[in-house]
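Below is one structure, written out as structure tokens, with a few remarks after it.
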Amino acid sequence: MLLSAAVAVTVADQPAPPTSASDRDAFLAGSGKDCPGCDLREAKLKRRDLSGADLTGTDLSGAVLHRAKLANARLDHAKLQDANLNKADLKRASLTGADLTGALLYGADLSGAQLEGAVMTQVHMAHSRLTRAVLRGADLSLSTMTDAEMTGSNLSHASLKQSNLSGANLSRCDFSAAVLDGAGFVRARLKDAKLRGVSAKQADFYEANLSGSDLTNADFRGSRLQQADLDGAVTDGIKTKGAVLVDGTIGQ
């Protein structure tokens with residue numbers, strides 16, 4: 001069952017109280033990095049060094065953070081809808097429960113980032129880097145993650161419905177109990193990935209590398225697995241009715 005952001009977030013992670021207008025002005029003037037709870041909608045913060053900043057609960061919707069440095073920053077419960085984070089450095093940043101709906105993250109580096117329970121629907125993050133990121137229970141539906149580097153990330157209980165991950169490196173990722181219905185994994189690398197109990201109905205795994213992966217009890221009904229590499233994969237209990245199998249036959 002897909003976990004909600006409310007389940008994934010603890011009481012200790014609740015948004016910080018709003019700060020004063022003077023704190024906001026000081027932040028925008030560049031005299032400080034911290035501005036928890038601030039209203040920074042559509043703020044121009046391109047290339048700003050905010051490494052380690054406390055922006056908990058801050059409203060950054062529509063903000064321009066292109067190439068901003070946000071490594072180790074705290075953005076838990078922040079509002080980042082439609083924000084421009086293209087090529088931003090978000091390594092090890094904490095974005096638990098953050099809302100990134102429609103955000104731009106092309107080429108962004110989120111290696112080691114905490115995104116548990118985050119809302120990331122319709123996010124554009126092609127060529128982004130999310131190695132060893134935690135996305136447990138996150139909603140990544142309708143997002144574009146083509147050619148992303150996501151080795152070793154935790155996407156268990158996440159939703160990736162109708163998302164495009166074609167060409168992405170998803171080796172050793174944990175997708176346990178995730179919802180992948182209608183998603184595209186064309187030529188994606190899923191070597192040694194955990195897909196136990198996933199719902200992947202009507203998904204496209206054409207020429208995907210699933211060698212060594214754990215597909216126990218996975219639901220691939222109606223999906224395309226044609227020319228996929230399943231060498232050494234664990235396939236106990238999988239459902240493939242109506243699926244186009246590796247050899248082009250239709251599953252019964």
Side-chain angles (χ1 to χ4, degrees), residues 40-51 53 55 58-76 78-136 138-155 158-171 173 175 178 180 182-190 203-204 208:
L40 297 173
R41 286 174 288 180
E42 300 185 1
K44 309 303 181 186
L45 302 167
K46 184 177 181 179
R47 298 181 184 273
R48 181 81 173 265
D49 186 356
L50 297 168
S51 304
L55 297 168
T58 298
D59 190 345
L60 287 154
S61 53
V64 178
L65 290 149
H66 178 74
R67 289 189 181 275
K69 297 178 180 179
L70 290 154
N72 298 300
R74 289 190 58 192
L75 290 148
D76 301 310
K79 297 178 181 178
L80 289 150
Q81 301 99 318
D82 301 313
N84 183 344
L85 289 150
N86 286 337
K87 298 189 177 180
D89 180 358
L90 288 150
K91 291 191 295 290
R92 299 176 301 280
S94 183
L95 295 113
T96 301
D99 189 345
L100 295 106
T101 302
L104 302 176
L105 285 155
Y106 177 89
D109 191 344
L110 293 108
S111 299
Q114 297 290 324
L115 292 146
E116 188 166 3
V119 179
M120 303 177 72
T121 56
Q122 301 182 64
V123 168
H124 300 276
M125 50 198 306
H127 297 282
S128 58
R129 188 173 183 84
L130 293 101
T131 54
R132 297 179 298 281
V134 177
L135 295 126
R136 189 172 188 269
D139 188 352
L140 294 133
S141 303
L142 299 167
S143 291
T144 301
M145 291 170 275
T146 52
D147 299 306
E149 172 58 63
M150 301 176 71
T151 305
S153 289
N154 184 345
L155 293 119
S159 175
L160 293 96
K161 291 188 291 185
Q162 298 183 56
S163 287
N164 187 355
L165 295 97
S166 297
N169 186 357
L170 305 162
S171 300
C173 281
F175 287 95
L180 314 176
F185 293 90
V186 175
R187 300 185 182 86
R189 287 163 283 174
L190 290 138
D204 193 350

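Because the structure is predicted, anything quoted here is derived from the model rather than measured.
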*asked:* Determine whether Leu104 and Met125 satisfy the following criterion, side-chain contact (heavy atoms from CB on, under 4.5 Å), listing intermediate values before the conclusion.
replied: CA-CA 6 Å; Leu104 302 176; Met125 50 198 306; over 6 Å; no
*Give the minimum heavy-atom separation between Arg92 and Ala71, together with the two atoms involved.*
NH2-CB, 4.4 Å
*Begin from the C-alpha positions of Leu50 and Leu65 and carry the test side-chain contact (heavy atoms from CB on, under 4.5 Å) through to its verdict.*
CA-CA 10 Å; Leu50 297 168; Leu65 290 149; 4.2 Å; yes
*Between Leu70 and Ala93, which heavy-atom pair has the shortest distance, and what is it?*
O-CB, 3.7 Å
*Working to the nearest 0.5 Å, report the span between NZ of Lys91 and OG1 of Thr131.*
9.5 Å
_Looking at Ser166 and Thr146, would you say the former's side chain and the latter's main chain have a donor-acceptor pair under 3.5 Å?_
no
*Hey, does the side chain of Thr144 reach the backbone of His124 with a donor-acceptor pair shorter than 3.5 angstrom?*
no
*N/O donor-acceptor pair under 3.5 Å between Ser163 side chain and Leu140 backbone*: yes
*In terms of side-chain heavy atoms, does Ser159 have a donor or acceptor partner in Ser141 at a distance below 3.5 Å?*
yes
*Measuring from Met120:CE to Leu115:CG, what's the distance to the nearest 0.5 Å?*
5.0 Å
*Rounded to the nearest 0.5 Å, how far does CG of Leu95 lie from CZ of Arg74?*
11.5 Å
*For Glu149 and Thr151, indicate whether the former's side chain and the latter's backbone hold a donor-acceptor pair under 3.5 Å.*
yes
_Minimal non-hydrogen separation, Ala188 against Leu165, with atom names_ = CB-O, 3.7 Å
*Backbone N/O of Leu75 and side chain of Ser94: donor-acceptor pair under 3.5 Å*: no
*Thr121 and Asp139: side-chain donor and acceptor closer than 3.5 Å?*
no
_Separation of Leu90 CG from Ser128 OG (nearest 0.5 Å)_ = 10.5 Å
*Does any donor atom in the side chain of Asn154 or Arg136 lie under 3.5 Å from an acceptor atom in the other side chain?*
no
*Would you check if Thr96 and Val134 make a side-chain contact, meaning some heavy-atom pair closer than 4.5 Å?*
no
*Output, in order, the C-alpha distance, side-chain angles, deciding distance and verdict of side-chain contact (heavy atoms from CB on, under 4.5 Å) for Phe185 and Leu190.*
CA-CA 9 Å; Phe185 293 90; Leu190 290 138; 4.2 Å; yes
*Side chains of Leu105 and Leu100: does their closest heavy-atom pair fall under 4.5 Å?*
yes
*Report the distance from atom CE of Met150 to atom CE of Met145, rounding to the nearest 0.5 Å.*
5.5 Å
_I'd like to know if Asp59 and Arg41 make a salt bridge, using a cut-off of under 4.0 Å between side-chain N and carboxylate O._
yes
_Working to the nearest 0.5 angstrom, can you tell me the gap between Leu40 CG and Leu45 CG?_
6.5 Å
*asked:* Under a 3.5 Å distance rule, please check whether Asn169 uses its side chain to pair with a backbone N or O of Ser171 as donor and acceptor.
replied: yes
